[in-house]
Amino acid sequence: MITPDGQGYERNTLWNGAEAAEKRKDARTAREWVLALPAELTDAQRLELTEQFSRSLAERFGVAVDFAIHRPGREGDERNHHAHVLTTTRQVSRDASGALVFGDKAQPEQSDAQLRKQGIEKGAVLVEEVRALWETQANAALEAAGEAARIDRRSLKARGIDRTPTVHLGPSVTALERRGRRTEGGNLNRAIEQDNERKAALTAQIIDLQAERKQRQREKAAVIAERNLYLTAREPYRLDGLRKHAAEELAGGEARVRRGIVKDTLEYAQKTKEIREVEARISEEERDLSYAENWRDECEATIAEWSAGVGFFARLRPPPEIREKKEQAEQARTNIRRSSGILSGLRATLELAKKLFKEWFLAEVNSPKLDDRWRYRSLALDGIKRECDDKLAEERAARAKARQMEDLRLHREAEAIRKERLEQEAQRQKSQVVERKQKVEPPPPSSGTSDPGDDFEDDWDDSPSFGM
């Protein structure tokens, strides 16, 4: 028993007072709220949850609350823990003697017109508020108990669940079903459950297919990203070089691919750049050291040559050029000491940088964050290799076709030249035949009075011999 002031009240006195407060014989004296208590909770947790909800109703509407918790029936669903919560229809308060006084009707019992005067659209809004209150408190209790289950006050349609709700059978029909008698309502619910099972199976298949498609899309996008990263890092490569590099990296297995991924990162480029800069400084200092040593040796050789050709007292007072050489030799030795110190520090720095770089590189190559990327990179490399093979094959085919066209062109030109030469040769032979004919045929007769026989004889005598 719960009252708004938290002091409670005796049950019989409460409901007798509720009956006496009503003037009409058919007046409603109580409103019932039925709670489906989570089976995941213990008895103590269910009692605490029900008491919390009842207290919230008493404080929200100013009513007295009488609740009772029922265990599941022996023949029913063992999860059917539920509570019956009765609230008075009128607000209650206490007089000076401590007795309950029943006042005006509580908000859930008022008409929509009365509620609108109070800024509430309609009674259904209040019911939805109570349902939301129960959802919040029940889920909080489940979370506090470490249970993953949750309740949702929304309908199946509102939650986007394609499942047909079953019909309420009521206590009498439920009792018949428990005794093994088939009823019309029970048959309808069984048909609905079978239909829901088929829908659930199809929905699960659809969800699995959608998840698989999304996974394939994500993997495809990841492969494309790896392909673009790989090609960007190797823009200067020619097609055959790119194909060779991809094939070699694939042939090296997982370790080679993982190293390739790390080598394509900006961090790798920055670290290797720093090492190359130190190496370049070492080379510069080595050149400076070599120059200083040569300069020192040259000066010392000049001084030794001069000293060998003069006496002791002359060496005490060297000429200006020798004094300059000595100063230069001393400057060279200073430069040598400076360069040697710098070189020693740079070499130590380089050795440490290479050690740290190697440790970093091995850690990156073996990092779990590359477990997925190396598979995507392998697929990308395989695709790049196939693309290169196809393009190289196209280029070879194009070159072969170009050679064929060139051979055909040369063949046609050769044929044209041969034909032209044959025509020229035929023309030349034809000209020779005409010339021979002109030499063999006699000239036409002249227009005189001489005897034709004389002319014939003269022509015959003058004609060339044919071996007759």
Side-chain angles (χ1 to χ4, degrees), residues 229-238 240-242 244-249 251-367 369-370 374 377:
L229 286 174
Y230 186 86
L231 295 178
T232 301
R234 291 159 183 81
E235 288 180 352
Y237 278 35
R238 292 180 53 184
D240 51 353
L242 180 63
K244 180 181 178 182
H245 195 281
E248 290 177 351
E249 192 164 325
E254 179 182 349
R256 179 73 179 271
V257 175
R258 294 173 79 102
R259 288 197 299 270
I261 294 174
V262 177
K263 288 180 179 179
D264 287 345
T265 61
L266 294 176
E267 191 173 3
Y268 178 88
Q270 180 63 29
K271 290 182 179 296
T272 52
K273 179 183 178 183
E274 293 173 356
I275 291 177
R276 286 194 297 269
E277 289 176 351
V278 174
E279 291 175 340
R281 287 193 60 193
I282 289 176
S283 298
E284 292 177 0
E285 291 298 333
E286 287 177 344
R287 286 194 298 270
D288 293 343
L289 177 61
S290 177
Y291 174 77
E293 290 174 344
N294 292 334
W295 187 26
R296 178 202 61 189
D297 294 342
E298 179 184 348
C299 292
E300 289 179 349
T302 301
I303 294 171
E305 182 180 358
W306 172 80
S307 298
V310 299
F312 173 78
F313 293 102
R315 288 196 294 272
L316 296 176
R317 296 185 298 275
E321 60 272 15
I322 297 302
R323 289 198 299 270
E324 182 180 0
K325 286 295 181 183
K326 288 183 177 182
E327 292 174 357
Q328 292 177 355
E330 183 60 30
Q331 181 63 41
R333 285 189 287 270
T334 301
N335 293 344
I336 291 172
R337 288 192 297 270
R338 181 190 62 81
S339 296
S340 298
I342 293 175
L343 273 174
S344 178
L346 288 175
R347 285 167 180 160
T349 301
L350 178 62
E351 183 178 357
L352 178 60
K354 287 184 175 180
K355 179 182 177 182
L356 295 176
F357 173 79
K358 184 177 180 180
E359 293 175 354
W360 169 84
F361 184 75
L362 292 177
E364 288 293 310
V365 169
N366 298 318
S367 173
K369 66 184 180 181
L370 297 188
W374 78 264
R377 176 65 70 97

In Å, rounded to the nearest 0.5 Å, how long is the span from [atom1] of [X] to [atom2] of [Y]?
| X | Y | atom1 | atom2 | answer |
| --- | --- | --- | --- | --- |
| R338 | D288 | CZ | CG | 6.5 Å |
| E324 | I303 | CD | CD1 | 10.5 Å |
| L229 | R234 | CG | CZ | 10.0 Å |
| L350 | I282 | CG | CD1 | 4.5 Å |
| L343 | E285 | CG | CD | 5.5 Å |
| F357 | L362 | CZ | CG | 9.5 Å |

Would the distance check show the side chain of [X] and the main-chain N or O of [Y] forming a donor-acceptor pair, the cut-off being under 3.5 Å?
| X | Y | result |
| --- | --- | --- |
| S344 | S340 | no |
| R256 | A251 | no |
| T265 | I261 | no |
| T272 | A269 | yes |
| R258 | E254 | no |
| S290 | E286 | no |

| request: Would you please test K369 and E364 for salt bridge (charged side-chain N to carboxylate O under 4.0 Å, His left out) and show each step? | output: CA-CA 9 Å; K369 66 184 180 181; E364 288 293 310; 3.1 Å; yes
| field | For the student: nearest non-hydrogen atoms of A329 and R296, plus distance | value | O-CG, 4.3 Å
| said: With a sphere of 6.0 Å drawn around CD of E359, does it hold more than 12 non-hydrogen atoms of other residues, nucleotides or ligands? | reply: yes
So [Y] and [X], do their side chains get closer than 4.5 Å, heavy atoms only?
| X | Y | value |
| --- | --- | --- |
| Y230 | E249 | yes |
| L231 | L242 | yes |
| E284 | L346 | no |
| W295 | Q331 | yes |

| Is the shortest distance from a Lys or Arg side-chain nitrogen in R333 or E330 to a carboxylate oxygen in the other one below 4.0 Å? | yes
| message | Going by side-chain hydrogen bond (donor to acceptor under 3.5 Å, both in side chains), Q270 matches just one of E274, E267, K273. Which one? | response |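 The passing option is E274.
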